[in-house]
Amino acid sequence: MKIGYPCINRTVDCSGNKTFRLKSYSKDRLVQTIENNLSCLLKILKFNIVNNILFFRITSDLIPFASHPICTYNWQEHFLSKFVEIGSIIKNYNVRISMHPDQFIVLNSIKPEIVDRSIAELKYHAQVLDLMNLDSTAKIQLHVGGIYNNKQKSLERFCENYNSLDRSIKSRLVIENDHRLYCLKDCLKIHEKTGIPVLFDVFHNKIFNCGESIKDSYSLFSKTWDKSDGLPMLDYSSQKPGKTAGVHAEAIDKKDFLRFLETTKSFDFDIMFEIKDKEKSVLRIMEIVKSDPRFIILNEVRI
DNA sequence: TCACGTCAAGCAGAT
DNA sequence: ATCTGCTTGACGTGA
């Protein structure tokens with residue numbers, strides 16, 4: 001069991017998700033931005049390792065415009081040695097990696113051009129992980145997509161489009177229950193048809209579910225992960241008090257999380273904290289869970 | 001140097 | 001018709 005956080009670290013003195021406007025695109029600007037983002041990613045990973053944070057979500061902004069037609073530069077080759085270096089650190093310290101393409105990626109869209117763009121973006125994500133030589137336990141998590149007034153048809157369209165994907169994408173793609181359209185049960189249906197693993201979002205499930213009992217949820221989603229997929233992944237967050245349902249909290253609610261650990265003590269998975277203050281909440285929780293035998297702890301790491 | 005409108009891209013429900 | 005939330009900031013123009 002590992003605990004991680006997504007994309008951004010506010011403690012290190014760099015920003016690993018720098019980008020620029022499409023209007024100001026140039027090869028030089030691209031190279032310079034990627035250079036910054038990759039160096040910062042390495043810095044964040046080292047920070048994480050020293051602090052026993054062994055799960056991390058890499059930002060989709062790593063390579064700006066990677067799947068946009070404007071980007072014809074071979075960044076893959078130009079930065080190959082950097083990718084390999086980062087990948088070695090990840091593997092040497094047994095770090096778990098995920099990525100989460102953003103809301104524009106809709107594999108079950110009714111518009112073919114959106115599906116095409118989405119596949120191009122998935123290809124970019126898979127490529128990043130491939131260039132780092134990571135195995136199939138490094139995952140790309142995606143929501144099922146839209147409903148378009150017909151959930152059954154839209155669900156089937158997801159399965160068809162998933163089946164047509166390259167092996168390199170399929171081996172990394174997992175689906176996640178969202179907070180208003182596709183519940184855990186829907187995702188499990190898709191798993192039955194395609195074999196795709198299901199990532200469980202505890203917070204989304206609280207806001208929107210199809211009546212699955214909490215206890216069942218953990219064993220049901222865990223079973224969708226094969227040995228080659230690694231430990232099941234789970235997204236965890238708390239509601240920001242006084243905000244509309246679905247808004248993520250600023251910091252982790254310690255009591256709520258300890259209760260969660262208690263109810264799930266017969267399971268093992270990797271937990272992603274979707275919390276605004278990122279690594280700070282993870283560090284606070286790490287202090288508490290250090291003694292929990294389920295957690296993987298590195299001792300006295302120098303890097 | 002700073003504030004703030006806007007940024008490649010989608011969807012659906014709320015306002 | 002427009003805004004909100006989604007992993008979220010950060011770019012860059014205008015003063």
Side-chain angles (χ1 to χ4, degrees), chain A residues 4-10 14-26 29-30 32-33 36-37 40-41 44 55-71 97-125 139-151 154-155 157-158 161 174-183 199 201-205 207-208 233-240 243-250 252 271-282:
Chain A
Y5 63 96
C7 309
I8 294 165
N9 178 306
R10 296 178 201 280
C14 62
S15 160
N17 54 340
K18 283 222 182 291
T19 181
F20 49 86
R21 295 286 104 95
L22 181 56
K23 269 201 292 195
S24 38
Y25 182 95
S26 71
R29 187 74 191 266
L30 179 73
Q32 179 196 328
T33 308
N36 170 80
N37 290 351
C40 189
L41 172 59
I44 294 173
F55 187 19
F56 186 65
R57 184 183 299 165
I58 296 176
T59 176
S60 296
D61 290 337
L62 194 68
I63 317 292
F65 303 103
S67 72
H68 190 282
I70 201 172
C71 180
I97 293 293
S98 71
M99 293 185 87
H100 193 340
D102 58 30
Q103 59 268 36
F104 310 107
I105 287 50
V106 186
L107 197 53
N108 78 344
S109 174
I110 44 175
K111 293 184 187 162
E113 63 271 23
I114 294 178
V115 176
D116 289 346
R117 273 203 293 274
S118 298
I119 293 175
E121 183 74 358
L122 290 177
K123 197 170 165 187
Y124 146 61
H125 282 76
K139 294 301 188 190
I140 302 168
Q141 62 186 92
L142 196 65
H143 294 296
V144 179
I147 284 183
Y148 312 96
N149 298 315
N150 189 333
K151 194 168 189 176
S154 298
L155 206 142
R157 207 166 41 249
F158 181 94
N161 292 344
V174 303
I175 44 170
E176 175 191 356
N177 58 304
D178 63 79
H179 70 296
R180 60 205 183 104
L181 304 178
Y182 290 93
C183 64
L199 185 154
D201 190 311
V202 180
F203 184 46
H204 288 162
N205 181 259
I207 297 167
F208 173 70
M233 288 180 179
L234 179 148
D235 281 359
Y236 182 94
S237 98
S238 325
Q239 170 71 37
K240 179 166 179 171
K243 284 282 182 170
T244 48
V247 180
H248 289 174
E250 292 294 329
I252 194 87
I271 306 169
M272 178 63 61
F273 275 178
E274 295 189 329
I275 300 286
K276 297 243 195 256
D277 74 353
K278 309 285 176 186
E279 79 283 358
K280 295 203 171 65
S281 276
V282 182

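None of the values given here were measured: they were computed from a predicted structure.
C:dT4 and C:dT8 have their C1' atoms separated by 15 Å, given to the nearest Å. Nucleotides C:dT2 and B:dC7 place their P atoms 16 Å apart, quoted to the nearest Å. Comparing C:dC3 with B:dT6, their P atoms are spaced 10 Å from each other, to the whole Å. When the P atom is used for both B:dA8 and C:dG14, the distance is 16 Å, rounded to whole Å. Taking atom C1' on both B:dA14 and C:dT7, the two are 22 Å apart, rounded to the nearest angstrom. A distance of about 16 Å separates the P atoms of B:dA9 and C:dG12, rounded to the whole Å.
Heavy-atom minimum distance, A:Tyr182 versus A:Asn108: OH-ND2, 3.5 Å.
The residue A:Leu181 sits close only to the backbone: its heavy atoms come under 4.0 Å of sugar-phosphate atoms, none of a base. Residue A:Asp178 is classed as having no contact, given no heavy-atom separation below 4.0 Å to the nucleic acid. Contact annotation for A:Gln103: base contact, defined as any heavy-atom pair under 4.0 Å involving a base atom. Counting non-hydrogen atoms under 4.0 angstrom, A:Pro101 reaches a base of the nucleic acid.
Rounded to a whole Å, the CZ atom of A:Phe20 is 10 Å from the P atom of C:dC11. Between the NZ atom of A:Lys23 and the P atom of B:dT6 there is a distance of 11 Å, rounded to whole Å. For A:Phe65 and C:dA10, the CZ to C1' distance is 12 Å, given to the nearest whole Å. Atom-to-atom, CZ of A:Arg180 to P of B:dG13 comes out at 7 Å; the value is rounded to the nearest Å. In this structure, A:Tyr25 atom OH and C:dC11 atom P are separated by 17 Å, rounded to whole Å. If you measure from atom CZ of A:Phe208 to atom C1' of B:dC11, you get 14 Å, rounded to the nearest angstrom. Spacing between atom CD1 of A:Ile44 and atom P of C:dT7 amounts to 18 Å, rounded to whole angstrom units. Rounded to whole Å, the distance from CZ on A:Arg157 to C1' on B:dG10 is 13 Å.
For the pair A:Tyr236/A:Ile252, a side-chain contact is recorded, criterion being any heavy-atom separation below 4.5 Å from C-beta on. Contact of the A:Val174 side chain with the A:Met233 side chain is not registered, since no non-hydrogen atoms from C-beta on lie closer than 4.5 Å. Residues A:Thr59 and A:Asn37 fail the side-chain proximity criterion, which asks for heavy atoms closer than 4.5 Å.
When Watson-Crick and G-U wobble pairs are counted only if both distances are under 3.5 Å, C:dC11 pairs with B:dG5. Taking a pair to require two hydrogen-bonding distances under 3.5 Å in either a Watson-Crick or a G-U wobble arrangement, B:dG13 pairs with C:dC3.
The side-chain ring of A:Phe104 is not stacked on the base of B:dG10, judged by centre separation under 5.5 angstrom and plane angle under 30 degrees.
A cation-pi arrangement is not found for A:Lys280 relative to A:Tyr5, the charged atom failing to lie both closer than 6.0 Å to the ring centre and inside a 45° cone about the ring normal.
For C:dA10, one of the phosphate oxygens OP1 or OP2 lies less than 4.0 angstrom from a side-chain nitrogen or oxygen of A:Ser15. In terms of phosphate contacts, A:Arg29 brings a side-chain nitrogen or oxygen within less than 4.0 Å of OP1 or OP2 of C:dG12. Dashed line: the shortest gap from a side-chain N or O of A:His100 to OP1 or OP2 of C:dT7 is under 4.0 Å. The phosphate of B:dG10 has neither OP1 nor OP2 within less than 4.0 Å of any side-chain N or O from A:Lys111. The side chain of A:Tyr148 contributes an N or O atom lying less than 4.0 Å from OP1 or OP2 of B:dC11. Look at A:Ser24 and you'll find a side-chain N or O under 4.0 angstrom from OP1 or OP2 of C:dG12. Regarding contacts with the backbone of B:dC11, a side-chain N or O of A:Ser109 is found under 4.0 angstrom from either OP1 or OP2.
Between the side chains of A:Ser15 and A:Asn17, at least one donor-acceptor pair of N or O atoms lies under 3.5 Å.
Toward the 5′ end of DNA chain C lies the nearest nucleotide of A:Pro6, the other residue of the pair A:Pro6 and A:Lys18 mapping further downstream.
Checked for salt-bridge contact, A:Glu274 and A:Arg57 meet the test: a charged N lies under 4.0 Å from a carboxylate O.
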